[in-house]
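Working notes, structure below.
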Amino acid sequence: MSERQPTLRERRRSETRRLVQAHAVRLFTAHGYEAVTVADVAEAAGVSAMTVYRHFPTKEDLVLIDQPTQLIAEQVAASPATQPLVRRVGGALIEAATALTAGDGDEPGANERFLLDCLRLMVSTPALRARHLDSQYALQQAIVDALGNDTTDPDAVFRAQAATSACMAAMHTALTRWTEDDGRTKLPDLIARALAASFGDDAVAT
């Protein structure tokens with residue numbers, strides 16, 4: 001069965017969302033998160049403030065990356081259930097990082113720069129740090145659900161939660177190093193190194 005293609009309306013909605021978010025992150029990076037209003041973002045993007053709020057209900061949402069949760073959950077769900085939990089989760093984190101930092105034909109490196117800018121804003125802005133923590137909790141729950149463990153078995157759920165939390169901690173360490181190095185090392189490689197340092201080389205598929 002072929003995958004359903006997005007409709008014209010869906011494509012336009014996605015394009016508008018990307019445009020608005022790109023201008024928002026650019027303005028926040030240049031002038032500071034607190035100094036830029038939603039009206040400023042709307043003007044820069046050439047849309048109304050109502051349009052911005054339609055795509056991003058709060059100002060904080062303009063900086064959050066919403067793709068990773070779905071990407072990672074899909075990768076986890078598609079991984080062999082016979083693999084160790086850490087390898088299933090860690091592999092999905094690496095694959096998602098690869099997809100998110102992949103270059104767009106005309107602008108190689110643009111996705112990496114955008115992600116770096118978002119991460120720096122999250123680290124430096126208290127309101128965004130709090131929201132980022134919320135999103136990380138949601139990601140953790142999505143991963144646990146995608147692992148497909150028997151929810152009636154408390155021990156299985158606990159193991160899934162523990163493995164997911166540990167992998168996400170390793171990923172956080174990699175993200176911190178990535179921003180400190182200004183993206184000079186490829187993010188998927190840093191995540192793989194962090195996972196190997198935490199769980200051993202066997203935790204990362206080669």
Side-chain angles (χ1 to χ4, degrees), residues 4-75 93 96-143 145-146 168 171-184 187 191:
R4 185 185 77 84
Q5 296 300 311
T7 64
L8 177 60
R9 182 177 181 180
E10 289 170 338
R11 289 198 301 272
R12 286 178 175 171
R13 178 178 174 82
S14 179
E15 289 168 2
T16 299
R17 182 179 175 85
R18 284 197 299 269
L19 173 69
V20 169
Q21 191 170 40
H23 280 289
V25 172
R26 176 181 61 80
L27 290 174
F28 294 154
T29 299
H31 305 292
Y33 178 79
E34 300 296 345
V36 177
T37 67
V38 171
D40 294 330
V41 174
E43 181 179 0
V47 300
S48 68
M50 184 178 295
T51 296
V52 175
Y53 282 119
R54 188 179 303 125
H55 292 276
F56 303 93
T58 70
K59 185 179 174 183
E60 291 90 348
D61 290 328
L62 285 162
V63 183
L64 293 178
I65 307 296
D66 58 359
Q67 292 174 296
T69 297
Q70 181 178 353
L71 283 172
I72 294 168
E74 289 175 351
Q75 289 287 342
L93 296 177
T98 300
L100 289 169
T101 56
D104 292 330
D106 296 334
E107 292 187 82
N111 290 341
E112 283 185 317
R113 289 194 299 274
F114 177 75
L115 188 55
L116 272 170
D117 287 340
C118 288
L119 288 171
R120 289 195 185 100
L121 286 166
M122 289 179 200
V123 169
S124 63
T125 310
L128 292 175
R129 285 201 298 269
R131 189 61 182 275
H132 179 60
L133 287 175
D134 288 341
S135 70
Q136 290 300 288
Y137 177 80
L139 172 58
Q140 177 179 334
Q141 189 56 52
I143 292 173
D145 291 343
M168 289 181 65
M171 180 182 69
H172 177 75
T173 301
L175 289 172
T176 300
R177 172 60 67 86
W178 193 55
T179 57
E180 292 172 348
D181 288 350
D182 196 31
R184 283 188 288 272
L187 181 57
I191 295 175

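Only a predicted model underlies this, so the values are computations on that prediction, with no experimental measurement involved.
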Practice task
Determine whether more than 12 heavy atoms belonging to other residues, nucleotides or ligands lie under 6.0 Å from atom CD of Gln70.
Solution key: no
Problem - Shortest non-hydrogen separation from Leu93 to Ile191 and the atoms involved - result: O-CD1, 4.1 Å
Problem - Cationic N near anionic O, under 4.0 Å, Asp61 to Arg17 - result: no
Exercise for the section: Evaluate side chain to side chain contact (heavy atoms under 4.5 Å, CB included) for Phe114 paired with Leu100, printing each intermediate quantity in order. Expected result: CA-CA 10 Å; Phe114 177 75; Leu100 289 169; over 6 Å; no
What side-chain donor-acceptor pairs closer than 3.5 Å can you find for residues 133-140, not counting sequence neighbours?
| from | atom 1 | to | atom 2 | distance (Å) |
| --- | --- | --- | --- | --- |
| Ser135 | OG | His132 | O | 2.7 |
| Gln140 | NE2 | Ser165 | OG | 3.1 |

Handout entry: Donor-acceptor pair, side chain of Gln21 and main chain of Leu64, under 3.5 angstrom
Key = yes
Problem - Lys/Arg N to Asp/Glu carboxylate O, Arg26 vs Asp117, below 4.0 Å - result: no
Practice task
Report yes if some heavy atom in the side chain of Leu119 is under 4.5 Å from a heavy atom in the side chain of Thr179; otherwise report no.
Solution key: yes
Exercise for the section: Give the intermediate values and the outcome of salt bridge (Lys or Arg N to Asp or Glu O under 4.0 Å) for residues Arg120 and Asp182. Expected result: CA-CA 10 Å; Arg120 289 195 185 100; Asp182 196 31; 2.3 Å; yes
Practice task
List the atom of Ala73, the atom of Ala142, and the distance in Å for their closest heavy-atom pair.
Solution key: CB-O, 4.3 Å
Problem - OG1 on Thr125 to NZ on Lys59, rounded to 0.5 Å - result: 9.0 Å
Practice task
Return yes if a side-chain donor-acceptor contact under 3.5 Å exists between Ser14 and Arg18, otherwise no.
Solution key: yes
Exercise for the section: Using atom types as modelled and distance alone, determine if a side-chain donor or acceptor of Asp40 lies under 3.5 Å from a backbone N or O of Thr37. Expected result: yes
Problem - Atom pair CG/CH2 of Leu116 and Trp178 - distance to nearest 0.5 Å - result: 3.5 Å
Handout entry: Check: Ser48 side chain, Thr51 main-chain N or O, donor-acceptor pair, under 3.5 Å
Key = yes
Problem - Full working for side chain to side chain contact (heavy atoms under 4.5 Å, CB included) between Val25 and Leu62 - result: CA-CA 7 Å; Val25 172; Leu62 285 162; over 6 Å; no
Practice task
Sorted by first residue and then second, give each ring pair (Phe, Tyr, Trp, His ring centres under 6.0 Å) pair with at least one member in residues 44-68; sequence neighbours left out.
Solution key: none
Practice task
Evaluate whether atom CZ of Arg129 has more than 12 neighbouring non-hydrogen atoms of other residues, nucleotides or ligands under 6.0 angstrom away.
Solution key: yes
Exercise for the section: Mind checking the OG1-CZ spacing from Thr29 to Arg113? Nearest 0.5 Å is all I need. Expected result: 12.0 Å
Fill in the blank from the handout: Value for OG1 (Thr98) from CG (Leu187), rounded to nearest 0.5 Å, stands at 8.0 Å
Problem - Separation between CG of Asp181 and CZ of Arg184, rounded to the nearest 0.5 Å - result: 5.5 Å
Problem - Considering all heavy atoms, the nearest Val63-Cys118 contact - result: O-SG, 3.6 Å
Handout entry: Separation between CD1 of Ile72 and CE of Met171, rounded to the nearest 0.5 Å
Key = 5.5 Å
Practice task
For residues Ala45 and Leu19, report the shortest heavy-atom separation together with the two atoms involved.
Solution key: O-CD2, 3.6 Å
Handout entry: side chain to side chain donor-acceptor pair (under 3.5 Å) between Thr176 and Thr173, intermediate numbers included
Key = CA-CA 5 Å; Thr176 300; Thr173 301; over 6 Å; no
